[in-house]
There are 2 protein chains.
Amino acid sequence: MVQYIDTSLDAKFAALSDATRRGVLERLFQGEASISDLAERFHMTLTGMKKHVSVLEQAGLVASEKVGRVRTCRLGPGTLEAEMEWMAQYHALWTARFKALDRVIADLKSKEQGNEQEND
Amino acid sequence: MVQYIDTSLDAKFAALSDATRRGVLERLFQGEASISDLAERFHMTLTGMKKHVSVLEQAGLVASEKVGRVRTCRLGPGTLEAEMEWMAQYHALWTARFKALDRVIADLKSKEQGNEQEND
DNA sequence: CAATAACTGAACCAAATGGTTCAGTATATA
DNA sequence: TATATACTGAACCATTTGGTTCAGTTATTG
């Protein structure tokens, strides 16, 4: 059943709420990248990008490892399973609600057909 | 294909990144509620709850209407279709990546079986 | 060994967030 | 009509966010 308040979803949804961060994930789909790579691609300082990567790491969506002087970033161990589930639930209920509405409308229309009048 | 940076997802992901707001949506699954109802349920002032409802309305996830002195909130016209799609894509790629990893591991194991030694 | 490259931490900044209180306004009720 | 209810807007506040610069530290390269 739908839970009351589940704080564990916060971090991932928050991580995804920034376009740059989603961009970083999309970039990492294609393979590893250093902080420099990412910073350049998104027109940002190294420090700025590092912060984004940290947020993604906190959420488990990115993992990184420093070897030599470069930190290599890749997709992390965290999935979006719980988040997808939440949304699927929402979607199902939302759809159900509108199907119900459709039925009401269909109902109204069928009644209208019975006695044609009373519009405006 | 995966897009570069799509800002249109920001509002909805941000709306979902707060536990109270997800709670409000869950509450509205079950039917309409006034600002007072919601405020009480989430132990917050009317003003505070009004802000959350506004955020959800901005994202299209909630619609509200004031009749008399009470504002009634219900689920809004906005879907999470695009967001689900983004996540599904992520999930597919993530899974694919680990399937590939699994293959590599399986490969290593089969080689190990061939010449049993060299572990630690 | 000198210079350069890649990152990192601290400090700062402006704006946004998540809340509050307080002072209305509008509506309902006794 | 007086009072209570339901909301709203403005102002405030602390914290977080998304960025920056600057001053290191640690590798790499010439």
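In what follows, chains are A, B, ... by sequence order, proteins preceding strands, each numbered from 1.
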[N] [atom2] sits how many Å from [X] [atom1], rounded?
| X | N | atom1 | atom2 | answer |
| --- | --- | --- | --- | --- |
| Met49(A) | dT8(C) | CE | C1' | 15 Å |
| Phe42(A) | dT20(D) | CZ | C1' | 19 Å |
| His43(B) | dT20(C) | NE2 | P | 12 Å |
| Asp18(A) | dA15(C) | CG | P | 18 Å |
| Glu40(B) | dT5(D) | CD | C1' | 14 Å |
| Lys50(B) | dA23(C) | NZ | P | 20 Å |
| His52(A) | dT16(D) | NE2 | P | 18 Å |
| Arg21(B) | dT17(C) | CZ | P | 8 Å |

Base, sugar-phosphate, or nothing: which does [X] touch, judged by heavy atoms less than 4.0 Å apart?
| X | value |
| --- | --- |
| Gly48(A) | base |
| Thr47(A) | base |
| Lys66(A) | sugar-phosphate |
| Ile35(B) | sugar-phosphate |

### Query
What's the shortest heavy-atom distance between Ala15(A) and Leu56(A), and which atoms?
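Shortest heavy-atom contact: CB-CD2, 4.2 Å.
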#### Entry: Closest non-hydrogen atom pair between Glu57(A) and Val62(A), with its separation
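Minimum heavy-atom separation between Glu57(A) and Val62(A): CG-O, 3.1 Å.
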### Message
With a 4.0 Å limit, can you tell me whether Arg71(A) has a side-chain N or O closer than that to the phosphate oxygens OP1/OP2 of dA6(C)?
### Response
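False: Arg71(A) side-chain N/O out of range (4.0 Å or more) of dA6(C) OP1/OP2.
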Candidate nucleotides [options], ranked by approach to the side chain of [X] - the nearest:
| X | options | answer |
| --- | --- | --- |
| Val70(A) | dG19(C), dA6(C), dT8(C) | dA6(C) |
| Leu46(B) | dA6(C), dA11(D), dA6(D) | dA6(D) |
| Thr45(B) | dT20(C), dA6(D), dC12(C) | dT20(C) |

### Task
Could you tell me whether the side chain of Arg69(A) has a donor or acceptor atom within less than 3.5 Å of a complementary atom in the base of dA5(C)?
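Side chain to base: pair found, below 3.5 Å.
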#### Entry: Met49(A) CE to Arg71(A) CZ distance, which is reported to the nearest 0.5 Å
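The CZ atom of Arg71(A) is 14.0 Å from CE of Met49(A), to the nearest 0.5 Å.
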### Query
For the hydrophobic clusters of this structure (ILVMFWY residues joined by side-chain heavy atoms under 4.5 Å, transitively), does one cluster hold both Val70(A) and Leu75(A)?
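In one cluster with Val70(A): Leu75(A), no.
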### ILVMFWY network linking Leu9(A) to Val55(B), side-chain heavy atoms under 4.5 angstrom
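In one cluster: no.
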### Task
Select from Val55(A) and Val67(A) the residue whose nearest nucleotide in DNA chain D is closer to the 5' end of that strand.
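Checking each residue's closest nucleotide, the 5'-ward one belongs to Val55(A).
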### Task
Could you check Lys51(B) against Met44(A) and say which one's nearest nucleotide on DNA chain D is further toward the 5' end?
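In this pair, the answer is Lys51(B).
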